[in-house]
Amino acid sequence: MDLLKNRILADGQALNENVLKVDSFINHQVDPKLMDVIGKEFAEHYRNKNVTKVVTIESSGIAPATFTALYLDVPLIILKKCSSKTLADDVFQTKVTSFTKNIEYDLTLSKNYVNDNDNVLVIDDFLANGEASFGAINLIKMANANIAGIGILIEKSFQKGYERLVDAGYDVYSLARISKLSDGKIEFLN
Ligand code: 5GP
């Protein structure tokens, strides 16, 4: 998606060869108009897949996933990163290793919101090694629901997440695919 790629080139910052900072329009300050266009794009791409719910991971996936759910006219479910002791019996949980913080956390889904009738679209801001996506997939599988696809804003194609997801048979749609990050330089696959 040219709009997102141009914005990454204008306002993104390659912190090193592995991490892209997009705090000014995705991760800290959010550009709602861009999120609207992104939501429309995901909704168009997955329109004929009979998606019944959109699932994202708090917190940076929420904005684009909200617009996606709006345009698909389905509910949005936010996977929680903190385990909540009061919910323990009513939740599915799986462990995920955070790419940016290098810590392990419990990703949590309430048993109330996804069931075996659901066809779920997962939306996230970044795809690096695929840990977060596979965490979401595990929870959706625990609820016996189907995975319609994985929509990603920024894929770092030089890390292994995309290949892992495609090898596992998932329909991955990334709006911006980065082939290389280096000292202040950002290159795209296509
Ligand atoms: P993965 O789980 O695929 O290894 O990493 C994806 C998750 O880590 C995303 O949900 C995102 O929060 C974070 N992440 C991975 N790489 C980057 C990056 O280069 N920049 C930012 N801002 N977040 C990243």
Side-chain angles (χ1 to χ4, degrees), residues 1 4-31 34-35 38-39 42 54-69 76-83 92-109 120-141 147 149-189:
M1 180 197 250
L4 180 58
K5 287 192 330 197
N6 290 337
R7 189 62 180 272
I8 291 168
L9 288 175
D11 295 333
Q13 200 186 343
L15 288 188
N16 52 47
E17 289 173 3
N18 292 310
V19 178
L20 177 68
K21 192 170 175 177
V22 287
D23 274 10
S24 66
F25 59 105
I26 295 176
N27 289 138
H28 200 355
Q29 175 170 260
V30 177
D31 180 341
L34 178 64
M35 297 303 141
I38 284 171
F42 282 135
V54 172
V55 160
T56 194
I57 299 166
E58 65 175 356
S59 56
S60 294
I62 295 174
T66 301
F67 285 104
T68 307
L76 166 68
I77 293 139
I78 300 158
L79 302 178
K80 308 274 192 181
K81 278 181 179 165
C82 298
S83 53
F92 299 115
Q93 282 192 316
T94 190
K95 293 222 177 290
V96 171
T97 303
S98 162
F99 180 87
T100 40
K101 299 193 183 95
N102 207 21
I103 51 157
E104 216 178 49
Y105 60 86
D106 285 313
L107 197 61
T108 304
L109 167 65
V120 178
L121 172 61
V122 177
I123 299 289
D124 202 12
D125 59 343
F126 273 89
L127 177 58
N129 291 326
E131 283 291 305
S133 296
F134 275 104
I137 288 168
N138 286 344
L139 293 176
I140 294 161
K141 280 186 171 167
I147 289 119
I150 318 283
I152 298 288
L153 274 65
I154 304 174
E155 171 194 310
K156 289 178 293 174
S157 311
F158 54 92
Q159 290 160 349
K160 60 184 188 221
Y162 178 79
E163 213 175 306
R164 283 180 70 202
L165 288 169
V166 169
D167 284 352
Y170 295 109
D171 172 3
V172 184
Y173 180 46
S174 307
L175 302 183
R177 308 186 72 199
I178 293 176
S179 57
K180 195 172 175 204
L181 291 175
S182 53
D183 209 9
K185 209 167 161 221
I186 301 161
E187 292 172 42
F188 294 100
L189 259 193

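First listed ligand is number 1; within each ligand, the first listed atom is number 1. Quick caveat, the model's predicted, so the values are computed rather than measured. Scope of the values below: all heavy atoms of this structure, side chains included, with no hydrogens, waters or symmetry mates.
- Checking Ser24 against Asp11 by side-chain atom types alone, no donor-acceptor pair falls below 3.5 Å.
- Salt bridge absent: Glu17 and Lys185 never bring a charged side-chain N and a carboxylate O closer than 4.0 Å.
- Of all the atoms in ligand 1, the ones that sit under 4.0 Å from a non-hydrogen atom of Ala132 are 2 (O).
- Within 6.0 Å of atom CG in Asp183, 12 or fewer heavy atoms from other residues, nucleotides or ligands are found, so the atom counts as exposed in its surroundings.
- Salt-bridge formation is not detected for the pair Lys81/Asp106: no Lys NZ or Arg NE/NH1/NH2 atom is positioned less than 4.0 Å from an Asp or Glu carboxylate oxygen.
- At a heavy-atom distance under 4.0 Å, no atom of Gln159 approaches ligand 1.
- Atoms of ligand 1 found under 4.0 Å from any heavy atom of Glu131, numbered from 1 in the order shown, are 1 (P), 2 (O), 3 (O), 4 (O).
- By the 3.5 Å distance cut-off applied to N or O atoms, Leu127 is not counted among the residues near ligand 1.
- An N or O contact shorter than 3.5 Å links Gly130 to ligand 1 by distance.
- The shortest side-chain heavy-atom distance between Phe25 and Val30 does not fall under the 4.5 Å cut-off.
- Residue nearest to atom 9 (C) of ligand 1, selected from Asp125, Asn27, Val19: Asp125 (by heavy-atom distance).
- When atom types are taken as modelled, the side chain of Arg177 and the backbone of Lys156 share no donor-acceptor pair closer than 3.5 angstrom.
- Defined by atom type and a distance below 3.5 Å, a donor-acceptor pair is present between the side-chain atoms of Thr108 and Gln93.
- Among protein heavy atoms, the minimum distance from atom 16 (N) of ligand 1 is reached at Lys156 NZ, 2.7 Å.
- Protein heavy atom at the shortest distance from atom 6 (C) of ligand 1 is Phe126 O, 3.4 Å.
- Protein heavy atom in closest approach to atom 20 (N) of ligand 1: Leu20 O, 2.7 Å.
- Of all the heavy atoms in Val122 and Ala136, the pair that sits closest is CG1-CB, 4.0 Å.
- At a heavy-atom cutoff of 4.0 Å, ligand 1 is contacted by the side chain of Thr100 but not by its backbone.
- Near Asp124, meaning under 4.0 Å from one of its heavy atoms, ligand 1 places the atoms 9 (C), 10 (O).
- For atom 4 (O) of ligand 1, the nearest protein heavy atom (residue, atom name, distance) is Asn129 N, 2.8 Å.
- Remark: ligand 1 and Phe99 share no N or O pair separated by less than 3.5 Å (distance only, no angle test).
- In plain terms, the two heavy atoms of Ile8 and Ala176 that are nearest each other are CD1-CB, 3.7 Å.
- Neither the backbone nor the side chain of Asp23 has a heavy atom within less than 4.0 Å of ligand 1.
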